[in-house]
Chemist: 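Encoded as structure tokens, here's the structure I'll be asking about.
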Amino acid sequence: MAIVAKAILLAWDTLNTPGYRPSPNAPIFTSFSDENDVTDQLVTILNTMADNGDAVLGFSNEYFQTIEIGSRQPNAAHTNFGNQPDFVIRPQKRPSGVPSATYGVYVECKTIDETKGINLYITKGIKRFVDERYAWSMKHGLMLGYVFTDERLPAALDTGFTALRKKEYKFLKSVSPTAQSALFPGCEVHETTHPRTSISTPIRLDHMWLPRDFSY
């Protein structure tokens, strides 16, 4: 997880560099209000980093497959095939007997701004892991927040959990105030664990929130 997280942070920093262009002849990227556009650029940068293999130690095509955006996935029961995690980071090697199609770090991305708040991050993000639409074959997943407000982990997420837990979202437990790891100053990874609908093993979610003004 540490290698993947550092690669994502570096990709985010690249995307936020003033004057960033997706290619030499492309216009300067300004579509930060479009969640899909941001994710597309983030994945493009990650793939370029893996191709070059020298930006983050261990993050290269030798160890990770090319990342595909928005590939359709079946749910755990194979009754719905229209599930689309934002992207999946798949290692080149996997445990013996495990299908490559269901193995990897499943990543769901959500914008947190004045119009899209913590509730959507939970109900349209975390819940998809709990409902076994994403990562049902895995014990962990990754939630990315594109943050355009002053809200930060863990307090803002815990407040959101508390509000929704009073309704039907009983799977929401308190967020630990202790970071799993502090990758860089101002950017921490916080972990939550949730029971799933039918699978006995809970899902562990790592949460990374990427502020728009992030730099290191």
Side-chain angles (χ1 to χ4, degrees), residues 1-17 20-23 29 35-74 76 83-110 125-126 128-129 132-146 153 179-193 199 201-210 214-216:
M1 174 58 193
I3 292 173
V4 169
K6 288 180 180 180
I8 289 173
L9 282 173
L10 184 56
W12 180 252
D13 191 56
T14 300
L15 183 58
N16 279 272
T17 301
Y20 166 78
R21 300 174 187 269
S23 67
F29 181 78
E35 182 178 292
N36 290 332
D37 284 353
V38 172
T39 300
D40 290 348
Q41 291 301 322
L42 197 69
V43 170
T44 298
I45 296 169
L46 285 169
N47 281 329
T48 299
M49 289 167 54
D51 286 341
N52 295 334
D54 57 0
V56 174
L57 183 64
F59 190 78
S60 70
N61 288 340
E62 180 180 356
Y63 303 105
F64 293 95
Q65 300 177 26
T66 298
I67 303 169
E68 296 181 358
I69 301 172
S71 61
R72 296 176 64 192
Q73 304 278 325
N83 307 292
Q84 291 183 287
D86 284 301
F87 59 98
V88 183
I89 300 178
R90 303 186 190 279
Q92 294 287 8
K93 296 181 180 180
R94 61 187 186 279
S96 177
V98 176
S100 61
T102 60
Y103 187 76
V105 179
Y106 285 71
V107 184
E108 181 68 6
C109 308
K110 285 288 175 277
I126 293 174
R128 293 175 178 175
F129 289 95
E132 300 164 14
R133 294 174 60 184
Y134 301 162
W136 47 266
S137 62
M138 304 298 296
K139 295 180 180 179
H140 65 277
L142 176 60
M143 286 292 305
L144 282 187
Y146 305 141
L153 287 169
Q180 175 187 344
S181 59
L183 299 169
F184 292 98
C187 189
E188 299 176 337
V189 176
H190 285 263
E191 179 183 304
T192 61
T193 303
I199 298 172
T201 306
I203 183 74
R204 189 199 82 213
L205 295 177
D206 292 326
H207 300 266
M208 288 178 59
W209 285 12
L210 305 172
F214 177 81
S215 63
Y216 59 86

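Below, each value reflects all heavy atoms present in this structure, side chains not excepted, and no hydrogens, waters or symmetry copies. This structure is a prediction, so every number in the text was calculated from the model and none was measured.
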Chemist: Can a donor-acceptor pair be found, under 3.5 Å and without considering hydrogens, that links the side chain of Asn83 to the backbone of Tyr134?
Modeler: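 Answer holds: no.
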Chemist: Over all heavy atoms of both residues, which pair between Phe87 and Glu68 is shortest? Give the atoms and the distance, please.
Modeler: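 Residues Phe87 and Glu68, closest heavy atoms: CB-O, 3.5 Å.
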Chemist: Report the C-alpha distance between Thr14 and Met49 in whole Å, list the side-chain angles of each, state the deciding distance to 0.1 Å, and finish with yes or no for side-chain contact (heavy atoms from CB on, under 4.5 Å).
Modeler: CA-CA 11 Å; Thr14 300; Met49 289 167 54; 5.6 Å; no
Chemist: Got a second to check how far Phe59's CZ is from Asp54's CG, nearest 0.5 Å?
Modeler: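 If we round to the nearest 0.5 Å, Phe59:CZ and Asp54:CG are 12.5 Å apart.
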Chemist: Test of understanding: with side chain to side chain donor-acceptor pair (under 3.5 Å), list the residues that count as partners of Gln73, not counting sequence neighbours.
Modeler: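 Residues passing side chain to side chain donor-acceptor pair (under 3.5 Å) with Gln73: Ser71, Tyr106.
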Chemist: Give a yes or no answer on whether the side chain of Gln92 reaches the backbone of Phe64 with a donor-acceptor pair at less than 3.5 Å.
Modeler: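 Yes: the side chain of Gln92 pairs with the backbone of Phe64.
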Chemist: Any idea which heavy atoms bring Glu35 and Cys109 closest together, and the distance?
Modeler: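 Distance-wise, the nearest heavy atoms are OE2-O, 3.1 Å.
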Chemist: Going by the rule side chain to side chain donor-acceptor pair (under 3.5 Å), which residues pair with His190 if we only count those two or more places apart in sequence or in a different chain?
Modeler: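 Side chain to side chain donor-acceptor pair (under 3.5 Å) check on His190 returns Glu188.
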Chemist: List the steps and the verdict of side-chain contact (heavy atoms from CB on, under 4.5 Å) for Glu191 and Arg204.
Modeler: CA-CA 7 Å; Glu191 179 183 304; Arg204 189 199 82 213; 3.1 Å; yes
Chemist: Once you round to the nearest 0.5 Å, how far does CZ of Arg94 lie from OG1 of Thr102?
Modeler: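 One finds 8.5 Å between CZ of Arg94 and OG1 of Thr102.
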Chemist: Asn47 side chain to Thr66 main-chain N or O, any donor-acceptor pair under 3.5 Å?
Modeler: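 Looks like no, no N/O pair under 3.5 Å.
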Chemist: Who passes side chain to side chain donor-acceptor pair (under 3.5 Å) against Arg90, sequence neighbours left out?
Modeler: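 With sequence neighbours excluded, Arg90 shows a side chain to side chain donor-acceptor pair (under 3.5 Å) to no residue whatsoever.
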Chemist: Tell me if the centroids of the rings in Tyr146 and Trp12 come within less than 6.0 Å of each other.
Modeler: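 Yes, the ring centres sit under 6.0 Å apart.
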